[in-house]
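Beneath this line is the structure, given in structure tokens, with notes to follow.
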Amino acid sequence: MKHQLSQLLARAVDQLRSDGTLPADLEVDIAVERTRDRQHGDYASNLALVLAKTARTNPRELAHKLMQALPPSETVARVEIAGPGFINFFLAASAWHRAVMQALQQGKHYGRSDLGRQRPLQVEFVSANPTGPLHVGHGRGAAYGATVADLLEAVGYRVHREYYVNDAGRQMDILATSIYLRYLELCGEDLSFPANGYQGDYVWDIGATLHRKYGDALRQPLTELLRGVPADEAQGGDKEKHIDGLIQRCRQLLGEERYREVFDLGLESILDNIRRDLEEFGVHYDEWFSERSLVDDGSVERAIERLKASGHTYVKDGALWFRSTDYGDEKDRVLVRDNGQTTYFSSDIAYHMNKLERGYERVIDIWGADHHGYVPRVKAALQALGDDADRLDVLLVQFAILYRGGKRLQMSTRSGEFVTLRELRREVGNDAARFFYVMRKCEQHMDFDLDLAKSRSNENPVYYIQYAHARVASVMRQMEEKGLQWDRDHGERQLHLLEEAHEDALMVSISRYPEVVEAAAVHHEPHLLVHYLRDLANEFHTYYNAHQFLVDDQALRDARLNLIQAARQVIANGLELLGVSAPDSM
RNA sequence: GCCCCGGUAGCUCAGUUGGAUAGAGCAACGGCCUUCUAAGCCGUGGGUCAGGGGUUCAAAUCCUCUCCGGGGCGCCA
């Protein structure tokens, strides 16, 4: 609809250009918007205001000329000039009827489009280190990423959903060591657990699995384990050096092969847990991409070599540095440490190089806001590699702060004090969790009120929308009980009977849905859809209270049933994109 | 110190590339169930858009300074 109107305006501009009213070389960017106030018509354009200056005329006069140059159209009932020079379009009722028919005919496809023309696009999200279960902070990235991916797919992109598994770094070694230490405790060793180890109960569980599998076969005396290991923090030492020492001793005592088994047991158990958790949350992936694979297949080394060849690296203090300041980063970054180990950053460069090599038109990364400092350096690396850094979009998701009983919950992964995503889902349910997480703009800090999310009351917005859906289903059940039938085709021919203000408002909203999906997808803003659905539900509830649907007059009844079924379809489609269920009864 | 995000009604937040009289939910107050589920509807009150300056036909929106809140600034991941 919007596109139609801007095309009409474009033709009007063409005509004014050819008759000399407007300069022939004038560049125009035509914007048509929904009006906020129905008094101003259904759609409005500020075109005359924008062009007035360069055309050196007054805006209202130009608006009049544009209006007169508009080609006739069946969907436009009339056009008015208002205010400083807005061109307001009032649409014919048939335009709204068409939207109702489309919603019913297209069913679950209503609102989808081919804007993206099936171009390939990648969305990488969550990608939490597999060192523990997902917590509520990851939940927001999961819900947001899944919804953005679904939205982009809905507007015609071929979306590849990916989780980057950090299975190669030091954090994983700390996890493996933590597991082994818990195992030793289960063997009966009495040790003091390192300050920097992973303290969560799940580490015990994995240690127990290890013990069931091997018995005491992997047991080593404590004195052996601690030989040459620097003191821990509690003993006045450095906790980082202590844990690194422990890692080294574990590897030596277990041997690379056995150590790798412990390591992989931890990785697999936790990754399985994460996979299951996300799957239950309705968050699906096409690929779980292993960081280790980048090391193994030489990609990391290749990335480093390419950077070296680009001339933007140097050696200092025994380390290899990338001069990211050449591309606007705050400081240079280390690629290879003085001990010969590559940094996380190196893997990340290799990973993004790999993504672009796979040929995606756009690559979208969804990160926690605490990683915002990494954006410039990753983009710098891509530029140095000669890639187009603009193909990478990094969306930063702010933290969600949890409240329970009006009190803020404090969380820390390392200490094991956090609310897991699974606990949250059990407490408030998947629907409320998915909904609440995307209710706010991603760059907004979010207060997540657990009590509100799980309340089964009118305070809870997710129920409000679901209830509208359930009410339509209920009306249809009532209809059958009364022995009546709904004739959809007949209803389509009777839509002109829908003359109530409530019906008009509902039809307009239904017609807006495809525009909302498009805007939410293009701007990566699922909350637009959330607000839209709330408004639509409100219009439905208002209508429901004001008018009877199952009236005796069959023509009017069928027309009304068409309308509310169209509304039901839109709610179902919208909720599906949000990963929220649309129940038939509540 | 530097960088990122935010500051809009009592609370939580919307507000499209700058547009017409700044909106919604919750909370508060007053109404509506003999009628398709009251998890609903209708009505009332509530604002220095943090503050100053600037840009223009037009600023909550863009620029600049100040104040306040959160986060980030490792050869960690």
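Note that the coordinates shown come from a computational prediction; the quantities given were computed from them, not determined experimentally. A, B, ... follow the sequence lines: proteins, then strands. Residue 1 opens every chain.
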Centroid-centroid under 6.0 Å between A:F289 and A:Y163 rings: no

Ring geometry between A:Y532 and A:Y513 (parallel below 30°, tilted from 30 to 60°, perpendicular above 60°): tilted

Distance test, side-chain N/O of A:Y544 to OP1/OP2 of B:rA38, below 4.0 Å: yes

Selection from B:rA39, B:rU12, B:rC36 that lies nearest to any side-chain heavy atom of A:Q478: B:rC36

Short side-chain N/O contact to B:rG6 OP1/OP2 from A:K441, under 4.0 Å: no

Touch class at under 4.0 angstrom, heavy-atom based, for A:A519 against every strand present: nothing

Sugar-phosphate only, base, or nothing, as touched by A:Q444 at under 4.0 Å among non-hydrogen atoms: sugar-phosphate

For atom CD of A:E515 and atom C1' of B:rU16, their distance in whole Å: 11 Å

Touch class at under 4.0 angstrom, heavy-atom based, for A:A470 against every strand present: base

Spacing between A:R140 atom CZ and B:rC5 atom C1', to the nearest angstrom: 11 Å

Watson-Crick or G-U counterpart of B:rG69, or none if no pair lies under 3.5 Å: B:rC5

Sugar-phosphate only, base, or nothing, as touched by A:F345 at under 4.0 Å among non-hydrogen atoms: nothing

Counterpart base for B:rG47, defined by Watson-Crick or G-U wobble contacts under 3.5 Å: none

Contact nearer the 5' end of RNA chain B, comparing A:L396 with A:Y43: A:L396

Spacing of A:I174 atom CD1 and A:R170 atom CZ [to the nearest 0.5 Å]: 4.0 Å

Sugar-phosphate, base or nothing in reach of A:D317, heavy atoms under 4.0 Å: base

Touch class at under 4.0 angstrom, heavy-atom based, for A:R534 against every strand present: sugar-phosphate

Sugar-phosphate only, base, or nothing, as touched by A:H527 at under 4.0 Å among non-hydrogen atoms: sugar-phosphate

Sugar-phosphate, base or nothing in reach of A:H541, heavy atoms under 4.0 Å: sugar-phosphate

Between P of B:rC42 and CZ of A:F540, the distance in whole Å: 13 Å

Sugar-phosphate only, base, or nothing, as touched by A:N46 at under 4.0 Å among non-hydrogen atoms: base

Nearest-Å distance for atom pair CD/P, residues A:E518 and B:rU17: 13 Å

Phosphate-side-chain proximity, A:Q39 and B:rU21, N/O vs OP1/OP2 below 4.0 Å: no

From B:rU37, B:rC36, B:rG19, nucleotide with atom closest to A:Q548 side chain: B:rC36

Heavy-atom closest pair, residues A:L529 and A:G574: CD2-O, 3.8 Å

Nearest-angstrom distance from the residue atom NE2 of A:H524 to C1' of B:rU16: 15 Å

Donor-acceptor pair under 3.5 Å, A:H371 side chain vs B:rG72 base: no

Base B:rA20 paired with A:N88 side chain (donor-acceptor, <3.5 Å): yes

Within 45° cone of A:F322 ring axis and under 6.0 Å: A:R377 NZ or CZ: no

Counterpart base for B:rA38, defined by Watson-Crick or G-U wobble contacts under 3.5 Å: none

Sugar-phosphate, base or nothing in reach of A:A44, heavy atoms under 4.0 Å: base

Length of the line joining A:E443:CD and B:rG70:C1', which is rounded to integer Å: 14 Å

Sugar-phosphate only, base, or nothing, as touched by A:L335 at under 4.0 Å among non-hydrogen atoms: nothing

N/O (side chain, A:K331) to phosphate O (OP1/OP2, B:rC3) under 4.0 Å: no

Whole-Å gap separating P (B:rC41) and OH (A:Y467): 9 Å

Proximity to the side chain of A:R440 - top-ranked nucleotide from B:rA14, B:rC36, B:rA39: B:rA14

Whole angstrom value for the distance that separates P of B:rG31 from CG of A:N545: 18 Å

A:H372 side chain, from C-beta outward: closest of B:rA39, B:rG19, B:rC3: B:rC3

Whichever of A:H547 and A:H40 has its nearest RNA chain B nucleotide further upstream toward 5': A:H40

Sugar-phosphate, base or nothing in reach of A:T542, heavy atoms under 4.0 Å: sugar-phosphate

Touch class at under 4.0 angstrom, heavy-atom based, for A:D370 against every strand present: sugar-phosphate

Side chain of A:V475 - closest among B:rG19, B:rC36, B:rA14: B:rC36

Side-chain donor-acceptor pair present, A:Q466, A:D431, cut-off under 3.5 Å: yes

Side-chain ion pair, A:K241 and A:D244, N-O less than 4.0 Å: no

Spatial distance of atom CZ (A:R78) from atom CG (A:L91) [nearest 0.5 Å]: 11.0 Å

Identified pairing partner of B:rA24, criterion: Watson-Crick or G-U wobble below 3.5 Å: B:rU12

Touch class at under 4.0 angstrom, heavy-atom based, for A:Q341 against every strand present: nothing

A:Y464 side-chain N/O to B:rC41 phosphate OP1/OP2 under 4.0 Å: yes

